[in-house]
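All remarks here apply to the structure that follows.
In this text the structure is predicted, and so the values were computed from the model without any measurement. Both ligands and their constituent atoms are indexed starting at 1 by order of listing.
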Amino acid sequence: MVKAIVGANWGDEGKGKITDLLAETADVVVRFQGGANAGHTIVNEYGKFALHTLPSGVFNSQVTNVIGNGVALNIPVLIGEIKAIRERGVPQPKLLVSDRAQMVMPYHILFDQYEEERLAGKSFGSTKSGIAPFYSDKYAKIGFQVQELFDEAALKEKLKGVLEVKNILVENLYHKPLLEAEEIFRELLDWKEMIAPYVADTSAFLYQAVQDGKEILLEGQLGSMKDPDHGIYPMVTSSSTLAGYGAVGAGIPPYEIKKIVTVSKAYSSAVGAGAFVSEIFGDEADELRRRGGDGGEFGATTGRPRRMGWYDCVASRYGCRLQGTTDVAFTVLDVLGYLPEIPVCVAYEIDGKQTREFPTTGLLEKAKPVLEMLPGWNCDIRGIRRFEDLPENARNYVEFIEKQIGFPITMVSNGPGREDIIYRNV
Ligand code: GDP
């Protein structure tokens with residue numbers, strides 16, 4: 001069976017933990033979009049890890065991990081991550097990299113930096129990992145697939161042609177040193193050596209795995225709000241974050257995705273710019289940020305402090321709907337135990353009118369949160385394993401949100417570890 005694990009919100013919902021958990025019984029874990037610009041944090045018997053490119057199945061020795069064609073592949077980052085986990089005692093993971101995945105080129109990272117510099121204060125808050133320039137080139141049809149590394153003459157020829165165009169921008173728009181084809185070509189030859197052991201026709205592999213009835217997880221990065229079509233455009237990422245794109249970015253039939261586990265955190269956080277209706281500030285935000293996640297809400301890739309807010313039922317209901325959610329995994333509930341009362345955003349007020357529908361970006365900028373106060377439970381709920389054993393107010397909080405978003409919460413996560421999970425039959 002194919003299951004997708006995706007985010008309902010702005011990312012950082014705890015997808016890494018849920019994937020790591022579900023990977024215990026999985027045969028294959030696939031990354032299908034995004035690149036090394038976001039990260040998953042995973043805590044398990046080997047320690048605490050921030051993964052940026054490796055699929056979250058790398059800690060389970062029976063899992064084959066796949067980097068699908070939809071991913072923005074940064075080869076040195078990938079190889080560095082493998083080395084880093086090996087150094088900490090994790091066995092060499094089984095890994096396949098799609099021969100059709102495209103590579104983040106050295107100049108994509110430069111262009112990301114140059115463009116942020118040029119935009120200065122008006123920037124998109126890019127992580128400068130080259131993701132936007134990468135996807136622009138992919139769809140402009142001047143990207144490089146992994147398999148192109150293996151035809152050196154054609155590679156060199158194409159690279160020269162692409163750099164001719166790139167250097168016009170480098171020289172005239174950014175006023176930076178020109179890109180050298182020979183230097184980049186040599187770098188690509190090194191990459192070829194690094195990646196060669198992993199390259200495969202992954203859609204053929206996955207097709208067979210589906211035929212054989214294997215358990216396959218599609219691991220999403222970021223969340224619905226960052227989807228380029230349905231999210232808070234233009235403050236979005238450059239590849240689709242939706243489960244539906246899993247079929248494209250992995251190369252499997254869409255009708256094989258039978259379960260869509262959408263992860264949503266018990267409060268909100270976001271990174272980068274863009275409207276964030278239930279955002280909180282000052283001491284209130286600092287306290288939630290400090291207590292949040294596992295050791296505070298700071299970016300797994302960038303270390304940036306995340307923007308904080310109360311749970312947003314409007315955004316989450318929309319986010320779950322776009323994912324095609326069959327199950328919601330509701331995470332980080334334990335963190336809210338310090339609050340006597342918990343505000344929840346149940347509607348938006350736009351131009352004096354209330355709505356529960358998530359609006360387009362222009363209207364979103366004007367939206368104000370309509371908050372409802374729920375009683376807190378004022379205690380530590382970590383270690384609890386059954387829903388019935390949660391304090392009544394914690395159960396009410398979960399049930400209230402489930403009703404608001406309209407999708408069943410079948411998992412409640414109450415701690416960062418693999419064992420901190422409560423299953424619910426609803
Ligand atoms: P992802 O990108 O969606 O995987 O999210 P992150 O890597 O930002 O994960 C969120 C953070 O919360 C990580 O530090 C996790 O270890 C942590 N985490 C996940 N689930 C829980 C939970 O239920 N409770 C607590 N306290 N932390 C959690």
Side-chain angles (χ1 to χ4, degrees), residues 4-23 29 31 33-59 81 127 217-226 237 241 243 261-272 288-308 311 316 319 323 328-339 379-385 387 390 394 397-398 409 411-424:
I5 299 158
V6 287
N9 307 109
W10 299 265
D12 308 316
E13 299 95 345
K15 294 176 297 295
K17 178 220 160 129
I18 301 295
T19 313
D20 183 50
L21 180 78
L22 296 176
V29 178
R31 283 278 315 260
Q33 45 91 219
N37 52 331
H40 290 316
T41 312
I42 296 176
V43 182
N44 57 27
E45 71 267 29
Y46 296 106
K48 183 173 176 175
F49 295 88
L51 298 183
H52 307 292
T53 286
L54 281 174
S56 298
V58 290
F59 302 105
E81 262 180 41
T127 59
L217 302 183
L218 303 178
E219 177 176 25
Q221 184 208 41
L222 298 168
S224 305
M225 297 296 131
K226 295 284 185 179
T237 194
T241 55
V261 179
T262 304
V263 184
S264 192
K265 190 156 63 178
Y267 53 88
S268 301
S269 72
V271 285
L288 185 56
R289 183 180 303 110
R290 187 165 50 74
R291 292 174 176 269
D294 178 30
E297 290 282 358
F298 299 91
T301 302
T302 58
R304 289 192 286 196
R306 293 178 182 149
R307 298 165 69 192
M308 306 303 298
Y311 193 80
S316 301
Q323 293 291 8
V328 176
F330 194 58
T331 58
V332 207
L333 186 64
D334 50 303
V335 160
L336 298 181
Y338 73 99
L339 291 159
C379 66
D380 185 4
I381 58 163
R382 282 202 194 179
I384 294 175
R385 296 287 171 263
F387 192 70
L390 285 172
Y397 186 79
V398 174
I409 295 177
M411 279 180 249
V412 175
S413 172
N414 59 337
R418 244 185 214 174
E419 63 293 347
D420 299 317
I421 194 82
I422 298 169
Y423 292 98
R424 257 179 105 217

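Note: no N/O pair closer than 3.5 Å links Leu333 and ligand 1 by distance alone. Not a single N or O atom of Val335, backbone or side chain, sits closer than 3.5 Å to an N or O atom of ligand 1. Ligand 1 has a nitrogen or oxygen under 3.5 angstrom from a nitrogen or oxygen of Gly16. Checking only distances, Val332 does come within under 3.5 Å of ligand 1, N or O to N or O.
Across all their heavy atoms, Asp334 and Asn414 have their closest contact at OD1-C, 3.3 Å. The minimum heavy-atom distance between Glu81 and Leu54, with the atom names listed, is OE1-N, 3.0 Å. Between Ala36 and Thr53, the shortest heavy-atom contact is CB-OG1, 3.4 Å. When every heavy atom of Val43 is checked against every heavy atom of Lys48, the shortest pair comes out as CG2-CG, 4.0 Å.
Close approach to Ser413 involves these atoms of ligand 1, each under 4.0 Å from a residue heavy atom: 20 (N), 21 (C), 22 (C), 23 (O). The contact set between ligand 1 and Asn414, taken as ligand atoms under 4.0 Å from a residue heavy atom, comprises 23 (O). Heavy-atom proximity to Glu13, at under 4.0 Å, picks out these atoms of ligand 1: 3 (O), 5 (O).
The closest non-hydrogen atom to atom 8 (O) of ligand 1, taken over Arg418, His52, Arg306, comes from Arg306. Among Lys48, Lys17, Glu219, the residue whose heavy atom lies nearest to atom 19 (C) of ligand 1 is Lys17.
Taking the six-membered ring for Trp and thresholds of 30 and 60 degrees, Tyr397 and Phe330 have ring planes inclined between 30 and 60 degrees apart.
Residue contacts with ligand 1: Arg382 is included, with a non-hydrogen atom under 4.0 Å away. Under the 4.0 angstrom criterion for non-hydrogen atoms, Gly415 is in contact with ligand 1. A heavy-atom separation below 4.0 Å is not found between Asp420 and ligand 1.
Between the side chains of Gln323 and Thr262, no donor-acceptor pair of N or O atoms lies under 3.5 Å. A side-chain donor-acceptor contact under 3.5 Å links Ser316 and Asn9.
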From CA spacing to verdict: side chain to side chain donor-acceptor pair (under 3.5 Å), Thr331, Lys17 = CA-CA 9 Å; Thr331 58; Lys17 178 220 160 129; over 6 Å; no
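Of all the heavy atoms of Asp12, the ones lying under 4.0 Å from any atom of ligand 1 are found in both the backbone and the side chain.
With respect to the salt-bridge test (charged N to carboxylate O, under 4.0 angstrom), the residues Lys265 and Asp12 do not qualify.
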